[in-house]
Q: 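The structure is given below, and queries will be raised subsequently.
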There are 2 protein chains.
Amino acid sequence: MTFRDEEGDMPKGPTSADVAREAGVSQSTVSYVMSGKRPISPETRRRVQEAIDRLTYEPHAGARALAGHRTSTIAVVVPMKPEAGAQRLMMFVEEIVLAARRRDHDVLLVTADEGPAGLRRVAGRSLCDAVVVMEVGTEDERVAVARSLPLPVVFIGIPGDSTGLDCLDFDFEGAGGLLVAELADLGHRTVDVLGWGPDAVAQGINYVPRFERGARATAAERGVELRWHRPAGEADVRGAVDRALDSGEVPGLVLVTAIPETLRALSDRGRRPGRDADVVGLATDSEAESYGLTAASTQPRDVSRRVMERVFALIDDDTVPGRGPELVPAVLARRGSTRAARPAG
Amino acid sequence: MTFRDEEGDMPKGPTSADVAREAGVSQSTVSYVMSGKRPISPETRRRVQEAIDRLTYEPHAGARALAGHRTSTIAVVVPMKPEAGAQRLMMFVEEIVLAARRRDHDVLLVTADEGPAGLRRVAGRSLCDAVVVMEVGTEDERVAVARSLPLPVVFIGIPGDSTGLDCLDFDFEGAGGLLVAELADLGHRTVDVLGWGPDAVAQGINYVPRFERGARATAAERGVELRWHRPAGEADVRGAVDRALDSGEVPGLVLVTAIPETLRALSDRGRRPGRDADVVGLATDSEAESYGLTAASTQPRDVSRRVMERVFALIDDDTVPGRGPELVPAVLARRGSTRAARPAG
DNA sequence: CTGAAAGCGCTTACAG
DNA sequence: CTGAAAGCGCTTACAG
């Protein structure tokens with residue numbers, strides 16, 4: 001209703017000098033009250049705090065960054081391609097923002113398609129104190145750049161060469177093993193895996209080989225035969241299901257992706273998970289819940305939480321060297337009708 | 001492989017003073033070369049640019065913000081609840097980031113659950129030059145705060161009282177009208193609308209009443225009877241479909257949400273869209289495409305693009321008053337088998 | 001436990 | 001077309 005600029009000059013907002021004057025102390029005391037970096041008498045602290053509240057003072061972020069050599073900002077590099085599963089992505093990001101806010105930090109959003117240049121930019125311009133890179137590839141240019149930057153970079157995902165790097169991820173290898181073991185326990189001698197398509201493999205998505213390694217190792221151990229079905233594209237998901245069903249037995253299926261589509265394809269062929277098929281998968285808790293799936297649960301929030309712990313450890317103590325890869329354990333969650341399922345064989 | 005801090009002191013990165021020395025000009029000239037705010041001789045410009053490149057100089061964002069009174073950052077307030085449709089959300093956000101980057105701006109990510117305090121914080125700390133608030137409610141505390149802030153706030157969505165505000169959105173009222181008209185054109189005298197649940201209504205999601213108003217107006221105009229089915233919850237989606245099908249005729253359905261579930265429910269009852277049912281909906285282009293749906297297309301990218309045009313218009317000229325609501329037109333996209341469908345009646 | 005002052009790295013009048 | 005200098009609003013040695 002009113003003009004934004006009623007008095008003709010921008011409302012400037014109070015500075016720490018204003019607060020100092022109001023509280024009858026020096027500017028440095030105001031600063032130390034806010035940072036807690038030196039002892040302040042209770043009386044002084046109270047007066048300063050009251051002045052801050054009265055003036056609704058907020059420190060100027062840029063001035064603080066310039067003088068203090070820290071921005072209180074974490075940059076996060078996000079792959080903005082919805083194929084990656086927008087929902088999972090949001091869970092990662094949400095927890096990153098929440099963890100940052102708990103430490104009174106902000107989050108700068110950078111898109112992955114800026115590539116290595118994005119890392120150089122946010123570091124060069126002193127836009128942040130640390131950066132989180134989501135979905136690092138097996139071979140990823142950003143890894144080399146990260147090593148050369150003068151600020152901490154934490155990766156979600158495990159690149160091929162992770163020595164001296166800070167990276168962590170859900171334990172996809174363990175997950176692959178758990179899922180195959182689950183079907184083996186149910187009596188299956190043959191397990192059909194509906195895996196990632198050739199595109200995911202080509203992109204160097206780092207968890208694909210790790211999952212497959214874990215599945216293979218356990219299959220070998222348990223004497224189970226693994227049949228891989230890699231849909232050529234989205235359209236081939238049903239085809240892969242068809243192929244798995246054509247053996248005639250009650251199938252044991254491991255799903256790593258395209259879960260609703262796969263379940264629909266099963267249902268269209270009259271197979272009820274838990275009765276006519278044993279279906280387990282790689283899924284978030286909420287996916288497992290809504291599909292009644294036994295799942296090796298990938299919990300984005302847990303991973304993000306650990307990532308942010310690492311980030312702040314590195315910010316707080318910049319002598320800490322890269323701690324190398326850290327894996328968030330896979331947990332098998334049995335749900336819904338799959339639970340008591342028993343195969344025919 | 002090397003320690004992050006090899007020489008014992010942080011690599012400081014070149015400053016504009018270094019560039020000035022290297023190019024044999026003053027610091028102010030470096031600044032003016034970068035900003036283009038005053039004429040520079042070609043020869044000087046070249047020397048400075050070469051020095052910048054040679055030193056890989058990047059300006060310190062905080063120093064720039066402090067001296068220049070602008071941060072080159074846009075804050076975006078995002079509802080991090082996946083119910084809102086993570087995929088749509090990502091499309092909005094992606095385009096916001098891209099538009100910001102085109103103008104060499106960065107994006108600060110703020111979660112909606114900070115509420116009005118989040119707006120006060122990013123403004124008070126001078127963390128950004130403008131803020132975009134996604135999914136404003138019909139009654140939303142953030143609107144009043146926005147009016148009082150000394151920087152531009154642009155809303156996605158149309159709040160109840162939008163006078164003097166900068167807000168824009170997809171034209172849901174027009175979309176409601178288009179969809180009902182489409183079914184009327186196909187000969188339907190009765191249209192079943194699978195609408196939002198009572199929770200969405202209670203939350204004050206601003207586009208629900210707008211859509212319903214548009215649908216009702218067109219229904220009255222065309223002499224069509226509207227039957228609303230508001231699923232009580234996710235579990236009731238199939239129930240709503242069942243109720244719509246129980247009339248016995250070839251139904252005309254308008255879907256506003258839960259599209260895959262609804263289509264599955266239809267298919268389970270043996271109804272093929274475009275033959276045994278005419279189905280239209282509110283959807284993004286990619287949803288319409290993959291479900292073969294005639295859709296009033298909601299194009300997040302278009303909306304974001306317009307939002308960012310507004311944002312930069314306000315940043316570039318801070319005397320512009322709030323322009324009030326702007327609606328991005330609804331477009332009806334006919335796709336797949338629905339196209340030639342004709343009802344029995 | 002507190003203060004006076006230098007300095008962080010830019011931008012922008014002011015001056016020529 | 002260009003330069004010298006003030007100043008943006010903080011933090012942090014330095015001093016007491």
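So that the names make sense, note that chain A is the first sequence line, chain B the second, and so on, each numbered from 1. Side chains included, hydrogens not; waters and symmetry mates left out as well; all remaining heavy atoms used.
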Q: Given 3.5 Å as the limit, does a donor-acceptor pair link the side chain of A/S162 with the main chain of A/L165, or not?
A: no
Q: Base, sugar-phosphate, or nothing for A/V30, non-hydrogen atoms under 4.0 angstrom?
A: nothing
Q: Any side-chain to backbone donor/acceptor pair from A/N206 onto A/I158? Under 3.5 Å, distance only.
A: yes
Q: Describe the nucleic acid contact of A/T44 in one word from base, sugar-phosphate, nothing, applying a heavy-atom distance below 4.0 Å.
A: sugar-phosphate
Q: Just N and O in the side chain of B/K37: are any of them under 4.0 Å from OP1 or OP2 of C/dT12?
A: yes
Q: Within the structure, does a side-chain N or O atom of B/T29 lie under 4.0 Å from either OP1 or OP2 of D/dT2?
A: no
Q: Please confirm whether the backbone N or O of B/L108 pairs with a side-chain atom of B/D106, one donor and one acceptor, at under 3.5 Å?
A: no
Q: Please classify the nucleic acid contact of B/S31 as base, sugar-phosphate, or nothing, using heavy-atom distances under 4.0 Å.
A: base
Q: Using a cut-off of under 3.5 Å, enumerate the N/O to N/O pairs linking the protein to nucleotides 4-6 of chain D.
A:
unit_1: D/dA4; atom_1: N6; unit_2: B/S28; atom_2: OG; d: 3.0

Q: Could you give the CG-to-P distance, from B/L66 to D/dT11, as a whole number of Å?
A: 12 Å
Q: Measure across A/Q27 and A/A17 and return the closest heavy-atom pair with its distance rounded to 0.1 Å.
A: NE2-N, 3.8 Å
Q: Just how far, in rounded Å, is P of C/dC8 from CG of B/D18?
A: 11 Å
Q: Rounded to whole angstrom units, what separation is found between the CZ atom of A/R70 and the C1' atom of D/dC10?
A: 15 Å
Q: To the nearest Å, how far apart are A/Y57 OH and D/dG9 P?
A: 10 Å
Q: Return the pairing partner of C/dG16 with a 3.5 Å limit on both distances, Watson-Crick or G-U wobble; otherwise return none.
A: D/dC1
Q: Does D/dT2 have its OP1 or OP2 closer than 4.0 Å to a side-chain nitrogen or oxygen of B/S41?
A: yes
Q: Under the 3.5 angstrom rule, does the side chain of B/D129 hit a backbone N or O of B/R70 as a donor-acceptor pair?
A: no
Q: Please tell me which of B/G24 and A/G68 maps to the more 5' nucleotide of DNA chain D, matching each residue to the nucleotide holding its nearest heavy atom.
A: B/G24
Q: Does A/E141, at its CD atom, have more than 12 non-hydrogen atoms belonging to other residues, nucleotides or ligands within less than 6.0 Å?
A: no
Q: If you check every side-chain atom of A/A67, which of D/dC8, C/dC1, D/dT11 has the closest atom?
A: D/dT11
Q: Check whether the side chains of B/S31 and B/S28 place a donor and an acceptor atom closer than 3.5 Å, and report yes or no.
A: no
